[in-house]
Structures are given as C-alpha cells and as structure tokens.
Q: 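This is the structure, below, for whatever I ask next.
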Number of protein chains: 4
Amino acid sequence: MTAGAQPRLRADARRNRDRILVTAAAAFADDGPDVPMEEIARLAGVGVGTLYRRFPDREALLVAVVQDSMARALGRTRAAAAEATPGQAWDALVRSLSSPRELRLMMSLTSLASPTTAAAVHADPTTRRIRQEYAEVLDGLVRAAQAEGTLRPDVGAGDVAHLLSLVAYGLRRTPDATAEIAFERARAIVLDGLRARPRTPLPGRPLTTTDLEAE
Amino acid sequence: MTAGAQPRLRADARRNRDRILVTAAAAFADDGPDVPMEEIARLAGVGVGTLYRRFPDREALLVAVVQDSMARALGRTRAAAAEATPGQAWDALVRSLSSPRELRLMMSLTSLASPTTAAAVHADPTTRRIRQEYAEVLDGLVRAAQAEGTLRPDVGAGDVAHLLSLVAYGLRRTPDATAEIAFERARAIVLDGLRARPRTPLPGRPLTTTDLEAE
Amino acid sequence: MTAGAQPRLRADARRNRDRILVTAAAAFADDGPDVPMEEIARLAGVGVGTLYRRFPDREALLVAVVQDSMARALGRTRAAAAEATPGQAWDALVRSLSSPRELRLMMSLTSLASPTTAAAVHADPTTRRIRQEYAEVLDGLVRAAQAEGTLRPDVGAGDVAHLLSLVAYGLRRTPDATAEIAFERARAIVLDGLRARPRTPLPGRPLTTTDLEAE
Amino acid sequence: MTAGAQPRLRADARRNRDRILVTAAAAFADDGPDVPMEEIARLAGVGVGTLYRRFPDREALLVAVVQDSMARALGRTRAAAAEATPGQAWDALVRSLSSPRELRLMMSLTSLASPTTAAAVHADPTTRRIRQEYAEVLDGLVRAAQAEGTLRPDVGAGDVAHLLSLVAYGLRRTPDATAEIAFERARAIVLDGLRARPRTPLPGRPLTTTDLEAE
DNA sequence: AATGAATGAGCATTCATTCAT
DNA sequence: GATGAATGAATGCTCATTCAT
C-alpha cells in the first residue's frame with residue numbers, strides 16, 4: 001500500500017515502520033502537523049530513535065504519511081473506475097469520494113504545514129507520480145461522465161478535484177453524527193451543482209448554524 | 001471596528017492596538033497560527049512588551065483577530081441584507097460571500113489552531129454573540145430567498161454557511177490568478193447546487209488538475 | 001577590547017555579554033569547543049536564552065571568543081612594537097609572545113573545532129581584519145629585528161607566527177609548574193633557533209619524558 | 001603491529017579488527033575524536049555490532065588506535081637508533097621525526113579528546129609501557145648525540161620530545177604543499193635551536209603570514 | 001560471529017511570557 | 001506606557017550502546 005522504495009526491511013522493522021506510519025497519520029489528523037515527534041513515537045510504542053531511523057526528520061515522516069494516504073485514495077479511485085460499467089461513470093465519481101477522511105488528511109497536511117514542508121511534499125517524486133496517476137484516472141472518469149451526459153460539460157477534472165477535496169475538508173476532526181450529516185449534505189449539494197440535469201433530495205433535515213457549532 | 005469592551009484607551013494606545021490587530025491578522029494569514037509573537041510585534045513596529053500589554057497571551061490575540069474578522073463579515077452580510085430589495089435575496093446571499101479572504105482567515109484560525117485554542121475562540125462570549133447575530137441575518141436571507149423561489153427549499157442557513165466557508169477556504173494562501181479562478185468556479189458550482197432552478201455558465205475555462213498544481 | 005559592531009547595548013545587557021564571553025573563553029579552554037551551551041550559560045550565571053540572544057548559535061559564540069582573544073593579542077603585540085626603542089626589535093618579538101594563553105586558546109579553538117566552524121572563523125570579516133593587522137605588525141617587527149641583526153635573515157613573519165603559536169599550544173590546559181617550565185624552555189630553544197647569532201642558557205633543568213607525563 | 005593482548009583471533013576476526021583500527025585512525029585524523037562510531041563502522045565496512053564486539057566502547061577504540069600509533073613510532077625510533085653508526089646519533093634523532101603524521105595523530109588524540117579520555121589513554125598499561133620504552137630509546141639517542149657534540153648539552157629527552165611533538169602538531173589536517181613546507185621549515189629551525197653549534201640553511205623561501213592563511 | 005534495529009539520554013535551539021530599565 | 005532583556009520549559013534531533021535476528 002505504501003509507495004516507498006526501501007530495499008526490503010527486516011520483518012520486525014517493517015512492522016515498526018508501518019505502525020509508525022499509521023500512528024503518525026492518526027496523530028497528525030488529531031493534533032495537526034506539529035504533534036511532538038516524541039508523542040508520535042510514544043503512541044506507536046517505539047523509542048524516538050526508531051522513529052528517526054526510519055524518517056530522518058518530521059518532514060520526511062509527513063511526506064511518507066501523505067504518500068501513503070494518497071496511494072490509498074488513488075487505489076480506491078482506480079477501483080471505482082475499474083468497476084464502472086458503461087454508463088455508470090457518475091457513480092464511480094461519487095464512490096471515489098466515499099471515504100473522505102483520507103482526503104481530508106492529505107489536504108490538511110499539505111495545506112496546513114509550513115510553506116517549506118508543503119513545498120517538500122509537492123516536490124517529492126513519489127508524491128508527484130501518484131498525483132499524476134490520480135489526475136489521469138480522474139480525467140478519464142470526468143470525460144466518461146460527460147460523455148454519458150451525467151456531468152456538466154463545462155467542468156474539468158481540476159474543478160472536480162478541487163470541490164471534492166473541499167467537501168472532504170469539511171469533515172470535522174472529531175467524528176460526530178452532525179458532522180457526518182453536514183458532510184453528506186454538502187457532498188450532495190456540490191454533486192447537484194456538478195450534475196448535468198436532475199436534482200436529488202438531500203439526506204437528513206436542513207442544518208441550522210447551531211448544528212455546526214458542535215466541534 | 002472591533003468588538004472588545006476595553007474601557008477606553010489613550011489615542012496612541014488605541015492606534016497601537018489597531019496596528020497590532022491588523023498586523024497579526026496578516027501574519028496569521030500568511031504564516032499560520034504559530035507565528036512567533038515576537039515577529040508579530042516586530043511587524044507591527046512595537047516591542048513585545050506592548051503586544052503583551054494589550055493581549056495577555058497568544059490566545060487572546062487570536063480571539064481578538066477572529067472577533068474582528070467576524071465582525072467585519074457580519075457587517076458586510078448585514079449591509080447586503082439591508083440593501084436587498086424584495087425579490088433580491090439571492091443576490092444578497094451571493095454578495096455576502098464577496099470578500100472571502102475574511103472568511104478564510106476566520107476558518108483557518110478557528111479550525112487549524114490547536115483544539116484548545118479553537119475551544120477558546122468558540123467559548124468567547126463576544127464571538128458567540130457575533131456568531132449568533134450572523135446566524136440570524138443569514139437565516140433571514142435564506143428564508144427570503146426560499147420564499148422568492150431562488151434557493152432550494154431543502155437547505156438551511158447551516159448548510160449555506162458550511163458550504164460558503166468551504167469554498168472560501170479553497171483560496172490558497174498565495175494570491176494567484178489560477179487560485180482566484182478556481183475559487184470563482186467553485187463558488188459558481190456550489191451556488192448552482194444551491195439554486196432552486198436555473199443554471200449559469202461558469203466563468204473561465206474548465207480547469208485541469210495541472211492548473212491546481214501551481215502554488 | 002571586543003571588536004563587534006553592536007549598535008550599543010543597555011548597560012546590563014553589555015555586562016551580561018561580557019560575562020558570557022569571558023566565561024565561554026574559560027570553558028572552551030578547559031573543556032574544548034564542545035562544552036554544552038547550557039554549561040557555559042550556567043557558569044556565566046545567565047539563562048540559556050540570554051546566551052542565545054547574544055550569540056545566535058555555538059559558532060557565533062566561538063567566533064566572538066576568538067575575535068576577542070585575537071584582538072587582545074594584537075593589542076599586546078602592537079604595544080610591544082610601539083615601546084621598542086631602536087635596536088630592540090628582538091625583545092619586542094619576545095614580549096609579543098609573553099602571555100601565550102591567549103594564543104593557545106585561539107589556536108585550539110580554530111584548529112580543533114569542526115572544519116565547518118574553523119571555516120566560519122576564518123571567513124569572519126572582523127577576524128580577517130585583525131589577522132591582517134596582526135600580520136602587518138609582526139612583519140614590521142621581523143624586518144626590524146633582521147635589520148638590527150638579531151633575527152636570522154632567512155625567516156619570514158609566517159615562520160615566526162607558526163613557531164610562536166606552536167610553542168604557545170604546548171601549554172597544557174592545567175596550569176602546572178612543570179608545564180610552565182616546559183613552555184619556557186621550548187620557547188627559549190625555538191628563539192635560539194631563530195636568533196641570528198648568540199646562544200642563551202636555558203632556564204630550569206633538563207626535562208625528562210616523565211616530567212611531561214603530568215597532565 | 002598491535003600491542004594488545006587478545007588471546008588469538010580467528011583469521012577473519014583479526015582482519016576485521018585490523019581494518020577497524022586503520023579506518024578509525026584515519027577517521028580520527030580527519031574528523032577529530034568525535035566521529036560517530038557508526039561512521040567508523042561504515043567506513044570499515046562492518047556493522048556497529050562488530051565494532052563494539054572488538055572494542056567495548058569509544059574510549060577503548062581510541063586507546064587502541066593510540067597504542068598502535070605509538071608502537072609504530074617506537075619501532076621507527078628504535079630502528080633509527082639501531083642503524084646509527086657511532087657519531088651519527090644526531091641523524092638518528094632527526095630521522096625519528098621523519099613520519100610526523102603518526103605523531104600528530106597521537107598528540108591530537110591524546111590531548112584533544114575529553115580530559116577523561118586523555119586520562120584513560122594515559123593510564124592504560126600498554127600505553128605506559130610503550131611510553132616507557134620510547135623514553136629509554138630517546139634518552140639513549142639524546143645522550144649519544146650530546147656525547148658526540150651535536151646536541152646542546154643543556155636539554156633532556158623531555159625537551160626533545162616536547163618540541164618534536166609540537167612541530168609535528170603543526171601539520172594541518174589537510175595535506176597541502178604550503179603546510180608541508182611550513183612543517184619542514186619549523187622543524188629545521190627547532191633543530192637549529194637544539195643543535196650544539198652550526199647552523200643550516202632553511203629549505204624553501206621565507207614564509208609570509210599569507211602563506212599560512214590557506215586552509 | 002555479524003548485523004543492523006531499538007533505545008533513550010543528552011544537547012542545541014526556539015519562543016512564550018515576565019520583568020527591569 | 002513602551003521597550004527589549006532575561007528566563008526556562010518544550011521539543012527536535014543525534015549518537016553511544018544494547019540486543020534481537
């Protein structure tokens with residue numbers, strides 16, 4: 001699932017690396033890109049030294065987490081595209097956004113970190129490659145959906161990616177019923193904005209501003 | 001302009017306070033919620049001591065900046081609502097989102113700062129009051145727009161606020177032509193999703209994923 | 001005595017700066033260029049923060065100490081040169097080496113620190129200037145001594161500086177009677193090697209290897 | 001070549017030990033006594049584990065390197081003494097200083113390392129023994145040279161050793177033509193200071209201070 | 001025996017905040 | 001009131017050393 005090119009690690013080292021990655025993703029998601037490295041290590045149940053042996057500094061760790069996250073999102077989108085029977089591109093598009101926490105993590109890590117770090121993520125070759133492939137898959141879906149007449153013809157894959165990531169970003173950190181609903185409603189409205197013709201009923205009931213107050 | 005309750009400051013002190021507030025807003029917007037206090041002071045042309053005399057700690061400063069920002073946004077929305085001739089509620093809604101950098105700052109300061117700080121912003125009474133008034137105004141606009149048949153009837157002010165803030169959030173830190181276009185297109189699409197019936201042509205040309213890569 | 005160009009410090013800050021400089025010189029001399037910054041701060045009776053406010057990092061501190069030391073040595077040599085009545089250049093040369101601990105510190109800090117740091121010391125403009133002036137004064141003394149026939153004509157100021165610093169380096173860290181004698185004897189022998197003609201009796205008694213064992 | 005008392009190692013282990021020793025000597029010479037153990041291991045082409053199996057800690061390694069170096073220097077001096085035909089003690093003395101990098105390494109490792117380490121080197125029995133034998137050989141040469149009238153009678157082996165090591169120390173880390181010349185000139189001057197009577201022409205041309213600036 | 005992974009203590013440095021001038 | 005100096009807690013990172021594979 002990961003995209004690194006490490007020459008092959010000893011089984012236990014591999015296990016540690018993975019544990020660190022998972023823990024770091026959660027920690028970043030919960031506390032932002034500045035969580036103390038020591039806390040990540042503690043949560044992963046390893047010493048700081050181990051953390052630093054695998055990831056030379058915070059930036060490297062962050063890049064790795066983003067890579068992992070992007071790779072997973074790419075996998076999901078690819079799968080959705082592959083399953084799409086002819087005339088079902090729209091559904092594939094919708095499904096490609098179906099587990100948005102990944103997207104949210106990517107976005108927040110990329111855009112909230114220091115400009116330097118953001119640039120590092122951007123410049124990383126593996127990251128570039130994944131983004132590239134992601135763009136291709138999405139582009140295919142967009143054209144197909146436009147061909148089948150479900151997606152409005154005046155948008156591009158960039159618009160779609162932008163909107164989808166914004167919606168994903170709307171997910172609050174704390175998983176919470178209202179947040180979930182707010183997310184689904186926002187998704188539906190945006191999809192409606194993207195759709196070529198019809199209009200679907202929104203789930204749940206209209207949200208009040210108070211609904212959003214719960215953090 | 002500000003919403004605090006300071007007893008009344010000497011003219012120069014007042015000037016200092018305002019300068020700090022403006023500088024801090026810019027600094028937070030540019031470098032995130034962790035800019036060193038000393039840098040803010042330097043940029044504002046005062047000593048740290050002065051900064052701390054006005055704002056007992058970073059959190060207080062942040063809260064004040066958010067307050068200021070929200071107050072301004074509320075003012076704008078209120079004005080838009082007031083000007084709205086009957087049958088023009090939709091336009092008022094659109095205009096209420098017309099200077100989105102304010103919104104973006106509010107959002108990022110509120111949601112990106114540490115959970116503790118976010119909670120502090122949330123709990124602050126002035127902040128609560130402004131949010132409350134904001135909700136009322138927005139609610140009025142929403143109902144009016146739905147009455148006049150321009151806004152879909154199954155959404156609430158919460159949905160609208162949520163979506164508008166997401167779109168605002170999409171503005172990248174660096175002001176950049178593509179980012180601007182991306183923002184306007186996203187806004188148009190979302191508004192289309194919100195609109196009761198018609199459909200408007202999007203500005204610019206369809207974005208490719210590559211368009212978004214710049215930054 | 002110092003060569004910095006600070007715009008003028010508050011009296012207490014100045015006092016602190018000087019205290020840090022003196023303490024650091026002693027600490028470097030005793031424990032080498034790697035003494036913990038915290039220990040230097042502690043010895044100087046200030047917090048680490050204060051140390052870092054004056055000297056942005058270890059390298060800057062080291063450079064400042066070397067500068068200070070070199071400036072002092074230059075002062076001494078200049079004074080010796082100025083007092084030299086005609087025909088007394090040799091004595092001036094000898095006196096310029098009369099408080100060699102300064103020299104020893106300079107040497108060890110310059111040559112024992114990491115190559116990077118050594119380069120930094122070397123590149124520092126103030127350091128360059130002092131070295132330049134030092135070279136000029138020494139050169140004058142060398143020519144004068146050769147003119148008066150006391151210094152062998154086939155050496156240059158570079159040779160003299162090299163030898164004097166080596167001899168100075170021979171001083172052990174711990175001030176100790178034998179080390180003192182060893183230093184004086186070595187100086188006498190080297191001066192004899194440099195002298196045009198005569199030969200002077202060495203002070204003290206012949207040293208055995210055992211004498212040098214005391215560290 | 002080494003002076004340790006290891007019970008007898010398997011051939012490959014022996015090879016490893018020697019390789020480590022040689023590599024460590026070079027690394028210490030190049031980067032000072034603080035080179036990371038891991039780097040030494042890497043340079044020697046072994047794992048850290050192996051390094052630690054042979055030398056329980058950094059100090060032990062350092063002591064071993066110094067021992068090796070001293071043993072080699074002793075060997076050379078002994079050979080010089082043995083070859084000395086009657087009336088040639090002076091030349092033997094001179095030749096004993098002929099490969100000074102060894103000396104330089106010994107010196108810097110002994111005197112630049114932390115006081116603790118220096119003490120350890122000092123206290124080590126093998127080291128003591130070698131130093132003892134070295135003192136004896138040197139002492140013989142000194143007396144012989146004084147008997148044949150080439151060495152001034154008022155110096156002892158301690159003086160000679162002190163001066164020779166200082167001169168050796170003058171060699172800069174980077175091998176460099178000017179440094180080489182500076183070393184040779186310094187040696188000649190010191191020897192002149194030690195010589196009973198005559199005076200030899202110095203090699204090369206007089207050095208300027210600028211000559212020494214390189215590095 | 002060799003390897004290289006894991007550990008954690010140690011040190012450099014930064015920055016929020018307090019306080020003397 | 002303003003200033004900027006001093007403080008020290010917090011955190012990133014390195015590296016000697018130990019130990020599982």
Side-chain angles (χ1 to χ4, degrees), chain A residues 7 9-17 20 34-42 44-61, chain B residues 9-10 12-13 16-17 34-42 45-61, chain C residues 7 9-17 20 34-42 44-61, chain D residues 9-10 12-13 16-17 34-42 45-61:
Chain A
L9 291 170
R10 240 166 53 183
D12 56 340
R14 176 87 216 168
R15 219 172 7 259
N16 270 339
R17 196 193 127 96
I20 290 172
D34 294 328
V35 223
M37 294 294 267
E38 233 158 352
E39 188 175 347
I40 296 178
R42 191 169 44 68
V46 301
V48 249
T50 305
L51 175 48
Y52 276 95
R53 165 178 282 269
R54 280 320 145 212
F55 307 96
D57 55 20
R58 163 185 301 278
E59 198 167 288
L61 176 58
Chain B
L9 294 168
R10 253 169 44 185
D12 58 339
N16 269 343
R17 195 192 128 93
D34 294 328
V35 224
M37 295 294 267
E38 226 155 6
E39 186 174 349
I40 296 177
R42 191 170 45 68
V46 301
V48 248
T50 307
L51 175 49
Y52 274 92
R53 166 175 289 272
R54 288 306 154 224
F55 305 96
D57 57 19
R58 159 185 297 276
E59 200 166 285
L61 175 59
Chain C
L9 290 170
R10 240 166 55 183
D12 57 339
R14 175 89 214 165
R15 215 168 14 255
N16 270 338
R17 197 194 126 96
I20 290 171
D34 294 328
V35 223
M37 294 294 267
E38 232 160 352
E39 187 175 348
I40 296 178
R42 192 170 44 67
V46 302
V48 250
T50 305
L51 176 49
Y52 276 94
R53 165 178 281 269
R54 279 322 144 210
F55 306 97
D57 56 18
R58 162 186 300 279
E59 196 166 287
L61 176 58
Chain D
L9 294 167
R10 250 170 47 184
D12 58 338
N16 269 343
R17 197 193 126 95
D34 294 328
V35 223
M37 295 295 267
E38 226 156 5
E39 187 175 347
I40 296 177
R42 192 171 43 70
V46 302
V48 249
T50 306
L51 175 48
Y52 274 92
R53 165 176 290 270
R54 287 305 154 225
F55 305 96
D57 57 19
R58 158 184 298 276
E59 201 165 283
L61 175 59

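In the text below, chain A, chain B and the rest are named by the order of the sequence lines, each starting its count at 1.
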Q: Output yes when at least one side-chain N/O atom of Thr50(B) is less than 4.0 Å from OP1 or OP2 of dT3(F), else no.
A: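 Answer yes for this pair, as a side-chain N or O of Thr50(B) is under 4.0 Å from OP1 or OP2.
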Q: Nearest whole Å is fine: how far is dC15(E) C1' from Ile40(B) CD1?
A: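 Distance check: Ile40(B) CD1 to dC15(E) C1' gives 12 Å.
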Q: Report the secondary structure of DNA chain E in dot-bracket form, marking unpaired bases with a dot and bases paired to a different strand with |, and treating Watson-Crick or G-U pairs with both distances under 3.5 Å as paired.
A: .||||||||||||||||||||
Q: Compare every heavy atom of Arg54(A) with every heavy atom of Ala13(A), then report the nearest pair and how far apart it is.
A: CB-NH2, 3.4 Å
Q: In whole Å, I'd like the distance from the CD1 atom of Ile20(C) to the P atom of dA6(F).
A: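 These atoms are roughly 8 Å apart.
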Q: Counting side-chain heavy atoms from CB outward, which of dA5(F), dT7(F), dA6(E) is closest to Ala13(A)?
A: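 Nearest listed nucleotide: dA6(E).
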Q: Find the distance Asp12(A):CG to dT3(E):P and express it as a whole number of Å.
A: 17 Å
Q: Rounded to whole angstrom units, what separation is found between the CZ atom of Arg53(D) and the P atom of dG4(E)?
A: 15 Å
Q: Starting at atom CZ of Arg54(A), determine the distance to atom P of dG4(E), rounded to an integer number of angstrom.
A: 12 Å
Q: Rounded to whole Å, please give me the gap between CZ in Arg17(B) and P in dA2(F).
A: 13 Å
Q: More than 12 heavy atoms of other residues, nucleotides or ligands under 6.0 Å from CD of Glu38(A): is that the case?
A: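 Open.
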Q: With nearest nucleotides of DNA chain E determined for Arg15(C) and Leu51(D) from heavy-atom distances, which residue corresponds to the more 5′ nucleotide?
A: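 Of the two residues, Leu51(D) wins.
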Q: Encode nucleotides 11-18 of chain F as B, S and - characters from 5' to 3', where the letter depends on protein heavy atoms closer than 4.0 Å: B to the base, S only to sugar-phosphate, - to neither.
A: -SBB-SBB
Q: Does OP1 or OP2 of dA2(E) have a side-chain N or O of Asn16(D) closer than 4.0 Å?
A: yes
Q: Using the test side chain to side chain contact (heavy atoms under 4.5 Å, CB included), find all partners of Phe55(A) that sit at least two apart in sequence or belong to another chain.
A: Arg17(A), Ile20(A), Leu21(A), Leu51(A), Ala60(A), Leu61(A), Ala64(A)
Q: From Arg53(C) CZ over to Asn16(C) CG, what is the distance, rounded to the nearest 0.5 angstrom?
A: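 These two atoms lie 11.0 Å from each other.
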Q: Rounded to the nearest Å, what distance is computed from the CZ atom of residue Arg14(A) to the C1' atom of nucleotide dT21(F)?
A: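 In whole Å, dT21(F) C1' and Arg14(A) CZ are 18 Å from each other.
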